[in-house]
Novice: 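What follows is a single structure, and I will ask about it in a moment.
All values derive from a computational prediction rather than experimental measurement. Note that these values count all heavy atoms, side chains included, but never hydrogens, waters or copies made by symmetry.
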Amino acid sequence: MTDNPYMSALNGSSVSGSATTEEFDVKTYFDKEKEILTSATSTEKMKTSSSSRYCAMSVDDIVTQLDTNPTCGLSNPQDISNRRAMHGLNELDSDDEESLFWKFLETFYSDPMIMLLIGSAFISFLMGNIDDAVSITAAIVIVVTVGFVQEYRSEKSLEALNRLVPEMAHLTRNHATETVLASHLVPGDLIHFSVGDRIPADVRLTEAVHLTIDESNLTGETKPAKKSADVVLGPNTSINERSNIAFMGTLVREGHGSGIVIATSKETAFGSVFDMMSSIEKPKTPLQNAMDKLGGQLSMFSFAVIGVIGIIGLIQGRSWLDVFQVSVSLAVAAIPEGLPIIVTVTLALGVLRMAKEKAIVKRLPSVETLGSVNVICSDKTGTLTQNHMTVNQVWTPSMKLSPLILEDNFNSYGTHHLKKDISNDVKLLMNVGCLCNNSKYSVEKEKFQGNPTDIAIIEVLKNFDLYDIRDSVVRVNELPFSSSRKFMAVSCGTGNDIETFVKGASEKILDLCKSYYTQTGEVAPLTQEVVQSINDVVNKMADEGLRVLAFAKSKKAFENTPKDLIFCGLMGMNDPPRPQIKSSIQSLIRGGVHIIMITGDSEKTAANIAQKIGMPMNANSILTGDKLEKMNEIELSDAIQNVTVFARTNPEHKLKIVKALQMRGDIVAMTGDGVNDAPALKLADIGIAMGMNGTDVAKEAADMVLTDDDFSTILQAIKEGKGIFNNIQSFLTFQLSTSVAALSLVALATLFNLPNPLNAMQILWINIIMDGPPAQSLGVEPVDPEVMNKPPRKRNDNVLTMAVIRRVLQSSFFVIIGTMYVYVREMGDSITRRDTTMTFTCFVLFDMFNALACRSSTKSVTELGLRNTMFNYAVGGSLLGQLCAIYVPFFQEIFQTEALSLGDLFYLVMISSTVWIADEIRKYWMKKNSTYFSGYSNYV
């Protein structure tokens, strides 16, 4: 045993503690490694982590380097303390945990719109408008609280990651084995684990007995990884190739093992993910950016109003105090204080609607962000495909070069009967596939479980009216499949009547065969011509993206390796695309969304699937993981424009892809299900986790969870998001046009020294209508299917576009002119109740017709119909409330009104309907002028 490098390093000396004769300073080494990891990308972090080095070293070298013992573990208490001081406790805790109170306060001053409303409430309070101050403050608190709760819930991913780290570990130190807290582990410790244990740190295995570990939460691979203590050769091995490393947080499925701890806490593979999650700041959504801009624009508008009205007041000879009070009151009135809460309600209702479409949205702003997404990066397996292997083609030598194609004749679960009268060679092929099979039927889940390939073979039997016959035979021997052997064999039967059944890679099976079965079931010699036809069919199936298995049998048992087999045939299988995926992708492409498929499959397989689901392909459409790694983010952002498929990738590549896309200004949606996907899900504008197969960490890091793991659900979510933005613009148009009209009425009265046309209670009622049910009902207008034909809006586009401003000015113009006309016409020598009642009612009716016009920017009311039930009730309730204000004595006293005649009401309806008629004419003109209409639609 060499001198302890940890003891020496702390004393400032360097020692020889590595597998070579080079000097080794542990503290300096780890400081440099931490510096590398801090500045590295996610892929680089995984490659420079401890496991990437130690997997290529023998156990003896590791024992020497870490100065430990492979049988009795560490023994020096001071040495253990020094290691803990250097590496810290084996825990994944965030260094800068901010208190909830400060996080809550930050939400108040981080939003310009909220700051503007706070200023508005403060000024209203100082001027004695307590009702306005209270209502604005209530709106602020509601909006900020809802937003804070959503953000807080979305930041729970680090806690979910921490839950994967076990609390206890089975540790051997100084010849004694006991169960201790996992947080006490240090590099060099010897630990043990068995079925059901979670690995407490990154461990280099010293013993592995039939050990398989479920690494799906880290690598995304659903099949448990087989582990051994053998050295792994080859540079730059990926996580799932390090077969002698057990990673923190993974779960032991079979067998047991022991190993030496090589990394703890944030130095582990999980730790690198944790560090990335901690450092990534979720980008603001396009809607949040747009609302920030709107807040700034309204602030400028308010100051402009104060300035203009102030100058006019001073010219008229009014006092400074009067001028200030009038101008500030008008500026406060111009701010639609109900806008933030209506946006929140609209987004919340969108969340509920999307939940019915099997998409659970966790952050309110993300609902609208979906409508802005212009790039979707999707996993292949389980999202674009059904995650259910299916036999597509069956071939026997009697079929020449034309396999029996099943793909178009049955569904993915093989329930349609394709062929009852089958030849003997096909029946033999099916029986071999059935008997050389380890899938098992689960009565509880009512389906087969096991290897997806085995399940596919059993399920295809029904297509030929064959059944699972394994219960009727006795299995006497089995040679399990291995990556080196590339085939599986079983022997079944009793006494002298024992047969062997084999399945595996075609080249391995052919090496073991000397004959084949003809169509009648007779045995014929396996000639070179037949072998060539077999290889031709194998290549043909592989070109079509199918996984090919060969099947053979022997009429005798085997001892070590099957020999003299009789070739039966081939089966080609794949994971078929989801039924609606092609139409969904085409719809998204028409809407200007770039679809990118990310898969670990080969280029040929990935291209085949991409073509089947309707993704556009050309010579530059595929980029492999090894080429991706050689590019920096700038090079990747330049090349990614034409990329449709990333093949041969691993989860660490996703983060680099997201950064490259966002560098181009794209709004990115990224799907994922594993722990390694979590950083990319958090960084993406919309992280989409799989609800059925996703890990808790991925779900917590994501903005949206698909409960059915179906890509088509994303289409529905994007359609909803686009509809929500249109609705936000609709009620923004309504609110701003009403605000501008109300503001202008008071400003004109002030300018011409006229009495105020509306009293305080009437203005309060108008504000309730402006910010209340009619406005909110515009936020739930059903989604227009045509929104999918519009391109996604850009990240920095304003919510207050020129098209919206034109509509606001048009509507407010008719409201101002019509109301002022009624006011001046009714006004005599003095203001009477009738005058204010006529003006008040006229303005309210203008509001109702304006709301009707604002339901859509392009479609007439006759096209929309009465499908928005909430709008119908809201407008009906507002009109009923206005009638009460006019005709009910109690309300007449409150609002200072008097009863109007039917002729008066008819007259006011005719005047106020002009705002709606004008908008209908605008929409009709737009449709007639198709060129302008097309540009306008895309702009809005």
Novice: Looking only at heavy atoms, what is the nearest atom pair of Leu384 and Ser378, with distance?
Specialist: CG-OG, 3.7 Å

Novice: Quick one: closest heavy-atom pair of Pro577 and Ile613, and the distance?
Specialist: CB-CG2, 3.5 Å

Novice: If we ignore angles and hydrogens, is there a donor and acceptor under 3.5 Å between the side chains of Thr841 and Gln882?
Specialist: yes

Novice: Would the distance check show the side chain of Asn374 and the main-chain N or O of Asp666 forming a donor-acceptor pair, the cut-off being under 3.5 Å?
Specialist: no

Novice: Short question: side chain of Gln716, backbone of Glu357 - any donor-acceptor pair under 3.5 Å?
Specialist: no

Novice: When you measure from the side chain of Thr837 to the backbone of Glu898, do you find a donor-acceptor pair of N or O atoms at a distance under 3.5 Å?
Specialist: yes

Novice: Going from CD1 on Ile718 to CE on Met354, what distance comes out if it is rounded to the nearest 0.5 angstrom?
Specialist: 9.0 Å

Novice: Would you say the side chain of Glu720 lies within less than 4.5 Å of the side chain of Leu370, judging by non-hydrogen atoms?
Specialist: no

Novice: Working to the nearest 0.5 Å, report the span between CG of Asp919 and SG of Cys854.
Specialist: 7.0 Å

Novice: I need the Phe711 CZ to Ile688 CD1 distance, nearest 0.5 Å.
Specialist: 8.0 Å

Novice: Any ion pair linking Lys859 and Asp784 (charged N to carboxylate O, less than 4.0 Å)?
Specialist: yes

Novice: Determine whether Thr819 and Leu745 make a side-chain contact, defined as any pair of heavy atoms from C-beta on separated by less than 4.5 Å.
Specialist: yes

Novice: Side-chain contact test, heavy atoms from C-beta onward, threshold under 4.5 Å: evaluate it for Pro616 versus Ile589 and give yes or no.
Specialist: yes

Novice: Could you walk me through whether Asn850 and Ser737 pass the side chain to side chain donor-acceptor pair (under 3.5 Å) test, one step at a time?
Specialist: CA-CA 8 Å; Asn850 188 27; Ser737 58; 2.7 Å; yes

Novice: Please determine whether side-chain contact (heavy atoms from CB on, under 4.5 Å) holds for the pair Thr858 and Lys923, giving the CA-CA distance in whole Å, both sets of side-chain angles, and the decisive distance to 0.1 Å.
Specialist: CA-CA 5 Å; Thr858 57; Lys923 293 171 184 175; 5.7 Å; no

Novice: Under the side-chain contact (heavy atoms from CB on, under 4.5 Å) criterion, do Ile596 and Val375 qualify, and how do the steps go?
Specialist: CA-CA 7 Å; Ile596 295 176; Val375 179; 4.0 Å; yes

Novice: Tell me whether the rings of Phe840 and Phe895 are parallel (<30°), tilted (30 to 60°) or perpendicular (>60°).
Specialist: parallel

Novice: Between Asp708 and Thr713, do the side chains contain a donor N or O and an acceptor N or O under 3.5 Å apart?
Specialist: yes

Novice: Taking the side chain as C-beta and beyond, is there a heavy-atom pair between Leu736 and Thr733 under 4.5 Å?
Specialist: no

Novice: Quick check on Tyr873: does its OH atom have over 12 non-hydrogen neighbours (other residues, nucleotides or ligands) under 6.0 Å away?
Specialist: no

Novice: Can Glu781 and Arg855 be counted as an ion pair, charged N to O under 4.0 angstrom?
Specialist: yes

Novice: Could you tell me which non-hydrogen atom of Val373 sits nearest to which non-hydrogen atom of Ile376, and how far apart they are?
Specialist: CG1-CG1, 3.8 Å

Novice: Got Val822 and Leu908 here, is their nearest side-chain heavy-atom distance under 4.5 Å?
Specialist: yes

Novice: More than 12 non-hydrogen atoms from neighbouring residues, nucleotides or ligands closer than 6.0 Å to CD on Gln586, yes or no?
Specialist: yes

Novice: Kindly give the heavy-atom pair with the smallest separation between Leu864 and Ser856, and that separation in Å.
Specialist: CD1-CB, 3.7 Å

Novice: For the pair Ile360 and Leu706, evaluate side-chain contact (heavy atoms from CB on, under 4.5 Å) and give the outcome as yes or no after the intermediate values.
Specialist: CA-CA 6 Å; Ile360 308 301; Leu706 303 183; over 6 Å; no

Novice: Any side-chain heavy atom of Ile917 within less than 4.5 Å of one from Phe849?
Specialist: no

Novice: For the residue pair Thr869 and Asn872, confirm or rule out a side-chain donor-acceptor distance under 3.5 Å.
Specialist: no

Novice: As a quick check of understanding, evaluate side chain to side chain donor-acceptor pair (under 3.5 Å) for Asn727 and Ser730, giving each step before the final call.
Specialist: CA-CA 5 Å; Asn727 291 344; Ser730 292; 4.8 Å; no

Novice: If we ignore hydrogens and angles and just use 3.5 Å, is the side chain of Asp710 paired with the main-chain N or O of Ser712 as donor and acceptor?
Specialist: yes

Novice: Among side-chain atoms of Ser860 and Glu920, is any donor-acceptor pair under 3.5 angstrom?
Specialist: yes

Novice: How close do Ala684 and Asp703 get, heavy atom to heavy atom, and via which atoms?
Specialist: O-OD2, 4.1 Å

Novice: Any side-chain heavy atom of Gln810 sitting closer than 4.5 Å to one from Val915?
Specialist: no

Novice: Identify the heavy atoms of Ile911 and Cys842 that sit nearest to each other, and give their distance.
Specialist: CG2-SG, 4.2 Å

Novice: Main chain of Gly371, side chain of Lys719: is a donor-acceptor contact present, judged purely on distance under 3.5 Å?
Specialist: no

Novice: Between Ser811 and Val808, is there a donor-acceptor pair closer than 3.5 Å when you use the side chain of the first and the backbone of the second?
Specialist: no

Novice: Taking the side chain as C-beta and beyond, is there a heavy-atom pair between Leu661 and Arg664 under 4.5 Å?
Specialist: yes

Novice: Begin with the C-alpha distance, continue with both residues' side-chain angles, and end with the deciding distance and a verdict on side-chain contact (heavy atoms from CB on, under 4.5 Å) for Thr801 and Gln729.
Specialist: CA-CA 9 Å; Thr801 63; Gln729 286 193 318; 3.8 Å; yes

Novice: Between the side chain of Lys722 and the main-chain N/O of Ala717, is any donor-acceptor distance below 3.5 Å?
Specialist: no

Novice: Counting only heavy atoms not in Phe813, do more than 12 sit closer than 6.0 Å to its CZ atom?
Specialist: no

Novice: Sub-3.5 Å donor-acceptor pair from the side chain of Asp709 to the main-chain atoms of Gly691, do we have one?
Specialist: yes

Novice: CD1 of Ile714 to OG1 of Thr383: how many Å apart, nearest 0.5 Å?
Specialist: 7.0 Å

Novice: How long is the span from the CZ atom in Arg806 to the CZ atom in Arg922, to the nearest 0.5 Å?
Specialist: 9.0 Å

Novice: Does the side chain of Thr369 pick up a donor-acceptor pair with the side chain of Asp685 at under 3.5 Å?
Specialist: no

Novice: Mark yes or no for whether Ser777, through its side chain, and Pro774, through its backbone, hold a donor-acceptor pair below 3.5 Å.
Specialist: yes

Novice: Just by distance, with hydrogens left out, do Ser857 and Asn726 show a side-chain donor and acceptor under 3.5 Å apart?
Specialist: no

Novice: Whether the side chain of Asp904 engages the backbone of Ser901 through a donor-acceptor N/O pair (distance < 3.5 Å, no angle test) should be reported.
Specialist: yes

Novice: Can you tell me how far CG of Leu852 sits from CZ of Phe734, rounded to the nearest 0.5 angstrom?
Specialist: 11.0 Å

